[in-house]
Amino acid sequence: MSLSGILIATAIVGGTGIFIGFFLGFAGKKFAVEVDEKEEAILAVLPGNNCGGCGYPGCSGLAAAIAKGEAPVNQCPVGGNPVGAKIAEIMGVEAIETERKVAFVRCSGSHGTAKELYEYTGVDSCKMVAAMQNGGPWACKSGCLGYGDCVSACQFGAIQVINGVSVVSKELCQACGKCVAACPKGIIELIPYKNKYRVACSSTDKGKAVMQVCQAGCIGCKLCEKECKFDAIHVINNVAVIDYDKCKNCGACARKCPRGIIRQLP
């Protein structure tokens, strides 16, 4: 190739590079997405778990919603009050204290106490088991199936299946609510962290029917209701229910329960 040909080729390549550079620079400015500084600052203080417990698609979705004023500064259940206070400072608003909650499995029907109708052999999934005959192998239709869908859903390692029943670690739980959504029986709920006593049963069957299928189910005897001086527990639809706003953690109901299903958790 002649020298002139080399120079022409070099000029063409160089010119093309310069054009592309100018074009990319122009396009970058023309189509640049404006970044909300508050949104970036909020995202930086969020835990980054992307658990979805806030109701938004990950921490970035929540950060955007808070920055736009579409979500409260204390919306993150994992970060709790400390993160809420930092976000409030970023948004220039007053921090709002929120009550810490914890997940609780309303069941005591472990192996040895709950009656089994048949032996299940198949995929270890509560959702799959719930679709089987009678809603699973246990005679109680409201009991924990114990195949660990909630365990798989929890990214904090706060749940484990012990003797056939899922148990939540009060300290590890971040109240994201994923276990609540994962339970096909709907027996996991979020309750106030400060309250010590919980009713570990969700069966709405009458006492006689409960005794036939589980040695640890609530029989609706109302002894707890009569013992409570604060009107904090009542038998509703055949099962004891605690009003956590009224409960004083005195433990009178637990001591009176003949089935031992009103329990104090550490």
Side-chain angles (χ1 to χ4, degrees), residues 35-107 125-127 144 146-162 165-200 202 242 244-245 247 249 263-266:
V35 177
D36 188 324
E37 293 184 359
K38 286 186 176 180
E39 181 180 332
E40 291 292 307
I42 293 170
L43 183 60
V45 300
L46 286 172
N49 295 96
N50 296 308
C51 64
C54 59
Y56 290 88
C59 294
S60 59
L62 176 59
I66 295 176
K68 294 175 183 176
E70 297 174 355
V73 296
N74 59 348
Q75 186 75 6
C76 176
V78 178
N81 290 322
V83 169
K86 292 179 182 179
I87 295 176
E89 185 177 352
I90 294 170
M91 293 296 292
V93 299
E94 186 177 350
I96 303 172
E97 290 287 322
T98 56
E99 183 177 41
R100 182 178 175 182
K101 292 192 175 184
V102 63
F104 176 65
V105 182
R106 296 181 291 122
C107 181
S125 165
C126 296
K127 187 176 181 180
C144 176
Y147 286 90
D149 285 16
C150 54
V151 177
S152 300
C154 181
Q155 65 185 83
F156 305 102
I159 310 178
Q160 57 180 320
V161 177
I162 300 176
V165 178
S166 293
V167 178
V168 180
S169 166
K170 185 178 178 181
E171 299 306 322
L172 293 178
C173 177
Q174 302 298 316
C176 70
K178 280 200 169 183
C179 59
V180 177
C183 178
K185 291 290 187 176
I187 62 170
I188 305 179
E189 63 178 349
L190 296 178
I191 62 178
Y193 175 89
K194 66 180 182 180
N195 290 90
K196 298 179 181 179
Y197 294 91
R198 298 96 190 269
V199 179
S202 57
I242 296 175
Y244 295 109
D245 291 328
C247 180
N249 290 320
R263 299 175 178 176
Q264 180 180 4
L265 297 186

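The residues of the chain are indexed from 1 along the displayed sequence. All values below were derived from every heavy atom in this structure, side-chain atoms included, with hydrogens, water molecules and symmetry-related copies excluded. Everything quoted here is computed from the prediction, not taken from an experiment.
- Q155 contributes atom CD, which lies 6.5 Å from atom SG of C176 (distance to the nearest 0.5 angstrom).
- Contacts of A158 classified as side chain to side chain contact (heavy atoms under 4.5 Å, CB included), with partners at least two apart in sequence or in another chain: C154, L172, C173.
- A pairwise comparison of heavy atoms in C179 and I159 identifies CB-CD1, 3.5 Å as the closest pair.
- Of the possible donor and acceptor atoms, one in the side chain of R106 sits under 3.5 Å from a partner among the backbone N and O of G186.
- The side-chain heavy atoms of I191 and V102, taken from C-beta on, include a pair separated by under 4.5 Å.
- Here Q174 contributes atom CD and K101 contributes atom NZ; the two are 15.0 Å apart, rounded to the nearest 0.5 Å.
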### Task
Go through I187 and V105 one step at a time and tell me if the side chain to side chain contact (heavy atoms under 4.5 Å, CB included) criterion holds.
CA-CA 6 Å; I187 62 170; V105 182; 4.0 Å; yes
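- Atoms CD and OG, on E40 and S60 in that order, are 10.0 Å from each other to the nearest 0.5 Å.
- Contact between S166 and C144 at its shortest, heavy atoms only, is N-SG, 3.4 Å.
- Nearest approach of E99 to P192, heavy atoms of both residues: OE2-CB, 3.5 Å.
- If you take OH on Y147 and OG on S152, they are separated by 14.0 Å, rounding to the nearest 0.5 Å.
- Every pair passing side chain to side chain donor-acceptor pair (under 3.5 Å) that includes a residue from residues 65-89 is listed here, sequence neighbours excluded: N81-E97, N81-T98.
- C51 is listed as a side-chain neighbour of V78, based on a closest heavy-atom distance under 4.5 Å.
- Side chain of K170 to main chain of Y193: a donor-acceptor pair is present (N/O by atom type, distance under 3.5 Å, no hydrogens or angles).
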- Query: Can V167 and V161 be said to form a side chain to side chain contact (heavy atoms under 4.5 Å, CB included), step by step?
  - Reply: CA-CA 6 Å; V167 178; V161 177; over 6 Å; no
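- Checked against side-chain hydrogen bond (donor to acceptor under 3.5 Å, both in side chains), R263 has the following partners two or more places apart in sequence or in another chain: S108.
- When all heavy atoms are compared, the tightest approach of A65 to Y56 is CB-CE2, 3.4 Å.
- In this structure, N249 and Y197 approach most closely via the heavy-atom pair O-CE1, 3.5 Å.
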I'd like to know whether I87 forms a side chain to side chain contact (heavy atoms under 4.5 Å, CB included) with L46, so could you lay out the CA-CA distance, the side-chain angles of the two residues, the decisive distance to 0.1 Å, and finally the verdict.
CA-CA 8 Å; I87 295 176; L46 286 172; 3.7 Å; yes
Stepwise side chain to side chain contact (heavy atoms under 4.5 Å, CB included) test for S125 and D149: CA-CA 6 Å; S125 165; D149 285 16; 3.5 Å; yes
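- Contact of the M91 side chain with the K38 side chain is registered, since non-hydrogen atoms from C-beta on lie closer than 4.5 Å.
- The two residues C247 and I242 make their nearest non-hydrogen contact at CB-CG2, 4.0 Å.
- Distance check: N49 CG to C54 SG gives 10.5 Å after rounding to the nearest 0.5 Å.
- Separation of atoms CD1 (I66) and CD1 (I90) is listed at 9.0 Å; rounding is to 0.5 Å.
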